[in-house]
Amino acid sequence: MTRYADFHRRSIEDRDGFWAEQAALIDWQVPFDQVCDYSNPPFARWFPGGRTNLCHNAVDRHLKDRAAQNALIFVSTETNQERVYSFAELHAEVQRMAASLQALGVKQGDRVLIYMPMIPEAAFAMLACTRIGAIHSVVFGGFASVSLASRIDDAEPTVIVSADAGSRGGKVVAYKPLLDEAISLAAHKPAKVLMVNRGLVPFTPVAGRDEDYAALREQHRHTEVPCTWVDSTHPSYTLYTSGTTGKPKGVQRDTGGYAVALAASMKHIFCGNAGETYFSTSDIGWVVGHSYIIYGPLIAGMATIMYEGLPIRPDAAIWWSLVEKYKVTVMFSAPTAVRVLKKQDPAALKKHDLSSLRALFLAGEPLDEPTAKWIAEALGKPIIDNYWQTETGWPILTICNGVEQAPSKFGSPGKAVYGYNVQLLDESTGEALTEPNQKGVVAIEGPLPPGCMQTVWRDDERFVKTYWSSVPGKMVYSTFDWGIKDEDGYFFILGRTDDVINVAGHRLGTREIEESISSHPAVAEVAVVGVADTLKGQVAVAFAVLKDPSLAATEADAKALEASVMKVVDEQLGAVARPARVRFVSVLPKTRSGKLLRRAIQAVCEGRDPGDLTTMEDPAALQQVKDLVGG
Ligand code: ATP
Ligand code: MG
């Protein structure tokens with residue numbers, strides 16, 4: 001048995017012994033009296049009896065050894081600002097923010113909604129909340145009023161922390177009008193709004209409600225706010241899923257289990273060491289931002305880069321210039337961002353000294369082989385795919401190089417991560433598949449390991465119904481993704497269970513068809529959906545973005561290109577997988593986090609209401625689909 005196989009087996013068979021050891025990676029004020037209480041499945045309580053604090057573990061704990069070392073590195077290519085906070089400075093700023101929140105009436109257990117751009121005050125606000133036991137709920141900055149209003153009503157915050165504006169690609173996005181509109185739409189009204197004024201857009205504060213952060217900060221410049229020790233199971237935050245498949249779910253996370261899970265992942269998965277620099281290109285509005293911009297790196301005593309801006313502005317070398325300047329050792333991004341870089345000059349990746357960088361981690365959507373190969377070659381560094389969900393808070397599948405070096409396989413995020421008893425379930429019987437190379441639903445046998453969601457915020461019933469009801473009589477968590485495991489234990493994610501289509505009795509994963517179409521030299525990106533068909537049950541329809549749009553300028557060109565794309569699918573997958581139509585669009589409908597909104601495309605193709613679109617990036621993209629299928 002390999003070292004990793006043994007490590008994983010122990011995490012399942014001697015669950016409590018394994019996690020008790022990992023728990024030593026963080027500080028506890030009061031030790032826990034039990035490792036995992038699973039007496040009421042599927043609700044798992046990790047480290048009950050223990051008392052700890054996330055902010056203490058991320059900030060205060062490091063003052064002894066690294067007070068003067070970099071903690072938070074803020075870089076904005078939108079406002080041309082760059083500011084570095086040491087752990088001591090971060091500690092001071094977090095206390096100023098915590099004192100300000102307390103002055104506005106925030107107490108332990110209260111919710112604080114954070115609607116902010118990627119600026120240091122957003123990080124201070126998150127850490128200030130966990131410092132005083134308040135529950136933060138970060139909502140992606142720039143979300144429309146309706147999306148924000150529904151999250152205000154769900155979280156019922158005492159205070160909202162916001163800013164005058166964000167900026168993207170040089171365009172200023174005023175947040176204040178969106179926030180005011182959202183508060184007027186919401187049934188719940190926050191007592192106070194704490195405004196960080198960046199001076200980007202003038203605004204009129206609402207009298208009696210809006211408070212100026214600069215003034216409060218000054219008032220509390222020297223106020224000391226000690227960490228509030230909370231129960232390990234005390235909720236640290238709520239966060240919404242991306243809304244790719246429907247109405248976003250409010251994920252509730254604990255404190256102790258999360259801190260332990262992140263600390264362990266920094267060691268065994270990311271191999272990040274105290275004193276080094278971590279750079280995650282995500283946004284604090286997403287789970288990657290929570291776990292791997294803010295808490296994970298800081299818990300590990302690393303400096304973390306918070307970057308406001310695009311990957312290609314001022315030029316495609318900007319990220320790599322930061323890697324050089326701050327000697328980044330671990331980097332984390334998403335395939336969607338790599339695809340953006342792929343359209344740029346690859347020389348940009350060679351301009352800077354990347355010798356400090358050990359690996360680039362990618363997550364969020366399937367990493368197709370051409371993209372993986374391109375970035376691996378351009379960087380000359382290991383590319384490590386990792387598969388997880390907002391719900392789990394840290395990777396389910398990846399390569400744990402901190403335990404044992406192992407090769408990656410193209411197209412696979414890797415093996416089951418320690419702590420996760422991952423199974424593939426037969427879709428019709430719910431039985432766990434035992435043979436390699438069989439397709440099934442990716443599932444996790446309960447209890448979920450530390451750090452995963454405790455429940456759906458204020459809705460235990462939805463938690464049980466949504467995630468734990470796919471196999472009657474068995475406590476298994478469904479990821480709603482479809483996968484396959486090879487004889488070496490490497491998983492391959494084939495797409496979402498919703499994205500499986502049934503063409504004349506043949507079950508096809510839309511991802512397989514997409515991968516095939518992507519290999520056509522003219523295609524930059526593609527979405528495939530199943531559309532109801534009276535004859536065949538369902539047919540596949542593809543919407544493709546071309547590298548050069550002029551290739552489909554005339555109807556005849558488009559027809560010829562459509563035929564050549566179909567031919568590629570015929571050759572690679574067989575005629576049964578051939579899409580009924582291949583249509584060309586200039587942009588695909590995506591969520592703000594870059595995920596394809598297949599269900600919206602499918603609904604439009606079938607003439608149905610596309611449902612909850614609150615997380616959609618660009619409504620014009622769906623309009624293009626409408627125009628094509630309607631006309
Ligand atoms: P919602 O649950 O609201 O529909 P969502 O599932 O997109 O939205 P997230 O939690 O942000 O919300 O995304 C998790 C999903 O992203 C996974 O279930 C999977 O479908 C996909 N995913 C994440 N990482 C990978 C990866 N490395 N490879 C393939 N798919 C991935
Ligand atoms: Mg999901």
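Just so you know, ligand 1 is whichever comes first in the structure, and atom 1 is the first atom listed for that ligand.
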In terms of its nearest heavy atom to atom 6 (O) of ligand 1, the top option of R496, E365, R599 is R496
Tell me if the [atom1] atom of [X] is crowded by more than 12 foreign heavy atoms within 6.0 Å.
X    : atom1 : value
K465 : NZ    : no
K381 : NZ    : yes
E461 : CD    : no

Backbone N or O of [Y] within a donor-acceptor pair of the [X] side chain at under 3.5 Å?
X    : Y    : result
D459 : R462 : yes
D486 : Y490 : yes
E431 : L425 : no
S469 : V464 : yes

With a heavy-atom distance limit of 4.0 Å, tell me whether [X] approaches ligand 1 through its side chain, its backbone, both, or neither.
X    : answer
T390 : both
K595 : side chain
L397 : neither
Y240 : neither

For [atom], what is the closest protein heavy atom, and at what distance to 0.1 Å?
atom                    : result
atom 11 (O) of ligand 1 : S242 OG, 2.6 Å
atom 4 (O) of ligand 1  : T245 OG1, 2.4 Å
atom 7 (O) of ligand 1  : T244 OG1, 2.4 Å
atom 2 (O) of ligand 1  : K249 NZ, 3.2 Å

Between A603 and P610, which heavy-atom pair has the shortest distance, and what is it?
CB-CA, 3.7 Å
Heavy-atom nearest pair, L596 first then E514, reads CD1-OE2, 4.3 Å
Which atoms of ligand 1 sit under 4.0 Å from any heavy atom of [X]?
X    : value
W388 : 14 (C), 17 (C), 23 (C), 24 (N)
P366 : 28 (N), 29 (C), 30 (N)
N386 : 24 (N), 26 (C), 27 (N)
T241 : 1 (P), 2 (O), 3 (O)
D481 : 17 (C), 18 (O), 19 (C), 20 (O)

Based purely on interatomic distance, does [X] place a nitrogen or oxygen under 3.5 Å from a nitrogen or oxygen of ligand 1?
X    : result
G364 : yes
G243 : yes
R511 : no

Atom pair NZ (K485) and CD (E435), whose distance is rounded to the nearest 0.5 Å
11.0 Å
SB check D488 K409 (cutoff 4.0 Å)
yes
